[in-house]
Amino acid sequence: PGYFQMPDEYIEGIEKPSKYRKNPVTLLELQKRGTADFDKRMRINPYGTSALYQGRPTPRGGGFVDGSKLQTFTGLPKHKAAACDDLLISVDANYKKTKTSDPVSMQLIGRTRNPSALFVIDEVNERLTFPQLKRAVKKFYAKYADLRPKLLIEAKANGQALIDSLKEEGFMRVIPFEPDKYGSKDTRIQFGADVIESEIVYLPALQYAPWREDWTQEWVRYGSALHDDRPDAFSQAALYWDDTQSPVEHLKRILGYSS
């Protein structure tokens, strides 16, 4: 009683954990053994199987998003940023610095219009108090100040306090993001997932972005991952740009043409 247990026929041929806990066998080890029903298991319940068998690294096909749809851009990230038509820093703000609190996610994201693509260029992801958060935003902005990115911050709870504080100090490129305008959190995240599945989202090569695997994993495992700050910050940037397209750009996007 009190423990999750999968049906016997579902886990036939696999070491069955005695309690609801991670099996010492990893997903990759399980796959390498050539277990007959591995593909069926991942198709039916990727989250349950991933959780039971340690879940990292998540198979590239993933659960919520297919990680193989993410592209890689070449060259230095700042050079790519300078080549973008639009640039913003998207901030998912949280400033409760406890072991269980969500981290802050700040992402520098660029957009090109022809061809239409989004580039996640740099990020900060860590737990911060409010004073630390404010300093971190200013430091991250200063790193790219010569490119004049906009600063997009969710205008709710912690984010609103950050917006007000930055504006008082003269940050005029701060843009409040109103999340409720776009529906529930899951609806907003689904929009970001659809953009990724369109194969127009690019990340730096791993040598420039040690955070790349963590960024990808939060998307692949959304709904079962411990945190979802990265999907939140990316989705609000994608929604902001989609909402600020001209009617012509919007029509081209619907018809599948580059804007």
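Sequence positions, counted from 1, serve as the residue numbers for this chain. As the structure is a computational prediction, the values presented were derived from the model and not from experiment.
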- Message: Checking D232 against Q236: is there a side-chain donor and acceptor pair closer than 3.5 Å?
- Response: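 No, no side-chain donor-acceptor pair sits under 3.5 Å.
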- Item | Any donor-acceptor N or O pair under 3.5 Å, side chains D186, Y222 | yes
- Item | Intermediate values then yes/no, side chain to side chain contact (heavy atoms under 4.5 Å, CB included), S235 and Y240 | CA-CA 8 Å; S235 296; Y240 168 76; over 6 Å; no
- Query: Centroid-to-centroid, Y182 to F177, below 6.0 Å?
  - Reply: yes
Identify the two heavy atoms, one from [X] and one from [Y], that lie closest to each other, and give their separation to 0.1 Å.
{"X": "A93", "Y": "L133", "result": "CB-CD2, 4.0 Å"}
{"X": "L108", "Y": "P149", "result": "CD1-CB, 4.2 Å"}
{"X": "G110", "Y": "L87", "result": "CA-CD1, 3.6 Å"}

- Check the pair K181, D243 against side chain to side chain contact (heavy atoms under 4.5 Å, CB included), reporting the backbone distance first and the verdict last. CA-CA 11 Å; K181 174 182 176 181; D243 202 33; 2.6 Å; yes
- Message: Run the side chain to side chain contact (heavy atoms under 4.5 Å, CB included) test on L152 and V91 for me, step by step, so that the C-alpha distance in whole Å, both residues' side-chain angles and the decisive distance to 0.1 Å come before the verdict.
- Response: CA-CA 6 Å; L152 185 69; V91 182; over 6 Å; no
What about [X] and [Y], same hydrophobic cluster or not, with Ile/Leu/Val/Met/Phe/Trp/Tyr joined at side-chain heavy-atom distances under 4.5 Å?
{"X": "L147", "Y": "V174", "result": "yes"}
{"X": "W241", "Y": "I175", "result": "yes"}
{"X": "L203", "Y": "L206", "result": "no"}
{"X": "Y208", "Y": "L118", "result": "no"}

Quick one: do [X] and [Y] make a salt bridge, cutoff under 4.0 Å?
{"X": "K138", "Y": "E169", "value": "yes"}
{"X": "K156", "Y": "D180", "value": "yes"}
{"X": "R221", "Y": "D228", "value": "no"}

Any side-chain heavy atom of [X] within less than 4.5 Å of one from [Y]?
{"X": "I121", "Y": "I109", "value": "no"}
{"X": "W211", "Y": "N125", "value": "no"}
{"X": "D122", "Y": "P77", "value": "no"}
{"X": "F234", "Y": "I196", "value": "yes"}
{"X": "M106", "Y": "S90", "value": "no"}
{"X": "V104", "Y": "V124", "value": "no"}
{"X": "S165", "Y": "F130", "value": "yes"}
{"X": "I89", "Y": "K150", "value": "no"}

Using modelled atom types only, decide if a donor and an acceptor are shared between the side chain of [X] and the backbone of [Y] within a distance under 3.5 Å.
{"X": "E218", "Y": "D229", "value": "yes"}
{"X": "Q132", "Y": "T129", "value": "yes"}
{"X": "T112", "Y": "C84", "value": "no"}
{"X": "T187", "Y": "G183", "value": "no"}
{"X": "R212", "Y": "P204", "value": "yes"}
{"X": "E178", "Y": "P176", "value": "no"}
{"X": "R173", "Y": "R148", "value": "yes"}

If I take atom [atom1] from residue [X] and atom [atom2] from residue [Y], how far apart are they, to the nearest 0.5 angstrom?
{"X": "T74", "Y": "H79", "atom1": "OG1", "atom2": "NE2", "answer": "12.0 Å"}
{"X": "D214", "Y": "H227", "atom1": "CG", "atom2": "NE2", "answer": "10.5 Å"}
{"X": "E199", "Y": "D66", "atom1": "CD", "atom2": "CG", "answer": "8.5 Å"}

- Under the ring-ring contact (aromatic ring centres under 6.0 Å, His included) test, residues paired with F119 that sit two or more places apart: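 If we apply the ring-ring contact (aromatic ring centres under 6.0 Å, His included) test to F119, skipping adjacent residues, the hits are F73, Y202.
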- Within a reach of under 6.0 Å around NZ of K139, are more than 12 heavy atoms found that belong to other residues, nucleotides or ligands? no
- Message: Set out, in order, the CA-CA distance, both residues' side-chain angles and the distance that settles side-chain hydrogen bond (donor to acceptor under 3.5 Å, both in side chains) for D194 and Q190, then state yes or no.
- Response: CA-CA 6 Å; D194 290 343; Q190 185 60 59; 3.0 Å; yes
- With sequence neighbours excluded, residues passing side chain to side chain donor-acceptor pair (under 3.5 Å) with S105: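 Side chain to side chain donor-acceptor pair (under 3.5 Å) check on S105 returns Q107.
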- Query: Relative to each other, are the rings of Y144 and F140 parallel, tilted or perpendicular (30° and 60° limits)?
  - Reply: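 Answer is perpendicular, since the angle exceeds 60°.
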- Task: Begin with the C-alpha distance, continue with both residues' side-chain angles, and end with the deciding distance and a verdict on side chain to side chain contact (heavy atoms under 4.5 Å, CB included) for T216 and R230.
- Result: CA-CA 9 Å; T216 302; R230 290 175 169 106; over 6 Å; no
- Message: Can you pull out every salt bridge (Lys or Arg N to Asp or Glu O under 4.0 Å) where at least one residue sits in residues 74-93? Sequence neighbours excluded, please.
- Response: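 As it turns out, the salt bridge (Lys or Arg N to Asp or Glu O under 4.0 Å) pairs with a partner in residues 74-93, which skip direct neighbours, are K78-D146, D86-R111, D86-R113.
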